[in-house]
Amino acid sequence: MAEYNITPPTKDRTVLHVDMDAFFASVAQLDEPTLRGKPVIVGGHSLRRGVVSSASYEARAFGVHSAMPLYQALERCPRAVVVPATMDRYREVNRQLRAIWARHAPVVEVASFDEAYLELTGCEALLGDPVGVARAIQRDVCDETGVTCSVGMATSKLLAKVASKRHKPRGLCVVPAGEEAAWLAPLKISDLHGVGPATAQKLADVGIVRVGQLLEVPEKQLARYFGPGAAQLQLMARGIDPRPVSAHGAAKSIGAETTFDRDVVARERLEAVFRDLVQEVAYRARKAGVLARTVAVKVRYHDFETVGRARTLPQATDDDDTIASTALALFDAHAEAGRPVRLLGVTLSQFSTVAQLSWLAPEERAERKALNQALDRLRERHGLFVVSRGTHLGRRRKGAQTV
């Protein structure tokens, strides 16, 4: 296990970022012992259109990384084994991880399936040395789940996340308190979480490729290129991030998308797939006990141009029909008719728990709720796509029934 800068931050603030190592691929190797030690790619449904969701470290040695087109990944690593994503299995392991994280910190912010922020500030008397806590988390994760994690420790969420990426896999990296800017200075701009490819390229165009260089440029000069964002970039370069670790407990968004094997033009086919995507996200919202105020759609065309549009509803909802009508209206209002579509996606956000569908008559509201509950019971027993409404003909699985 790699360890770097093992001097914990001051008592002013101590934040851990726990990041699982190649999580999806590691779970695949855990469940299928013959895959251990081999290059594994968790990827899309087709060679031509699929993308890499995760790659084992054996595959990463060949330059394979997430979001890479699957065909390109196999060109780089022809002997890789491609396996499908198994979301139910990831959720099962995630439940184990949450229990472990909660044992070691009073406040845990779960950021995704495979990462979380833990607040240890002021807990030394109760929990002991923060470095010891980090090592205990790594040990318990490995012993209880069979997969491994890396940990970053710092005085902010931003720095902790950057640190957790520095020495993977199974690494423990601590950013010394008071040395944040110096520690960040030699890193590439793209290493800063929150700086995307477009911003990194824009900075490179003006000669800024390392984090420390951001502090060598006067803010007014930087503002010529980035406007008000210049001040934020310089704060990040100093490692300043006042965001609290928040145990919000609920996802900020719930989304689903599908990439077609062949580009699709037919409106009927696109509508059917939209309804299947809505069926999935609405079901997950009901399982999470949340209602969505905002519905967003994503459309990627054959030339990879991607368009996203969103609409905020007057009432929060988890109803399939309401979400589907909103998604289709967004698509019809902004999509280019006749243009081949490569990918569709639907995302719900701005969650609440207030009463839903209040603009409907009580009888219709009760009828929709009863129907959704009945369909959900069937899905829980037999799978998400075992039953669907009569108009859901887009991605139905073999054996699915319509109602």
Tell me whether [X] is salt-bridged to [Y], with the criterion being a basic N under 4.0 Å from an acidic carboxylate O.
X: Glu109; Y: Lys157; answer: yes
X: Arg339; Y: Glu305; answer: yes
X: Arg89; Y: Glu92; answer: yes

| task | Return the set of residues passing ring-ring contact (aromatic ring centres under 6.0 Å, His included) with Phe62 (not counting sequence neighbours), or none when no residue passes. | result | none

Do [X] and [Y] come within less than 4.5 Å of each other through their side chains, counting heavy atoms only?
X: Arg135; Y: Arg139; result: no
X: Val195; Y: Leu233; result: yes
X: Gln138; Y: Thr148; result: no
X: Asp191; Y: Lys165; result: no
X: Thr294; Y: Ser253; result: no

| message | What I want to check is whether the side chains of Ser66 and Ser54 have a donor and an acceptor closer together than 3.5 Å. | response | no

| Donor + acceptor pair across side chains of Asp19, Ser150 (<3.5 Å) | no

Backbone of [Y] reached by a side-chain donor or acceptor of [X] within 3.5 Å:
X: Glu180; Y: Gly178; result: yes
X: Arg36; Y: Gln29; result: yes
X: Ser26; Y: Asp21; result: yes
X: Arg79; Y: Pro39; result: no
X: Tyr301; Y: Glu336; result: yes
X: Gln234; Y: Leu214; result: yes

| query | Which atom pair, heavy atoms only, marks the closest approach of Val141 to Trp101? | reply | CG2-NE1, 4.4 Å

| request: Tell me, please, which residues at least two apart from Asp332 pass side-chain contact (heavy atoms from CB on, under 4.5 Å). | output: Arg267

| task | Evaluate the ring planes of Phe24 and Phe113, with Trp represented by its six-membered ring, and classify them as parallel (under 30°), tilted (30 to 60°) or perpendicular (over 60°). | result | perpendicular

| Is NZ or CZ of Arg286 both nearer than 6.0 Å to the six-membered ring centre of Tyr283 and within 45° of the ring axis? | no

| query | So with a 6.0 Å cut-off around CZ of Arg91, is the heavy-atom count from everything else above 12? | reply | yes

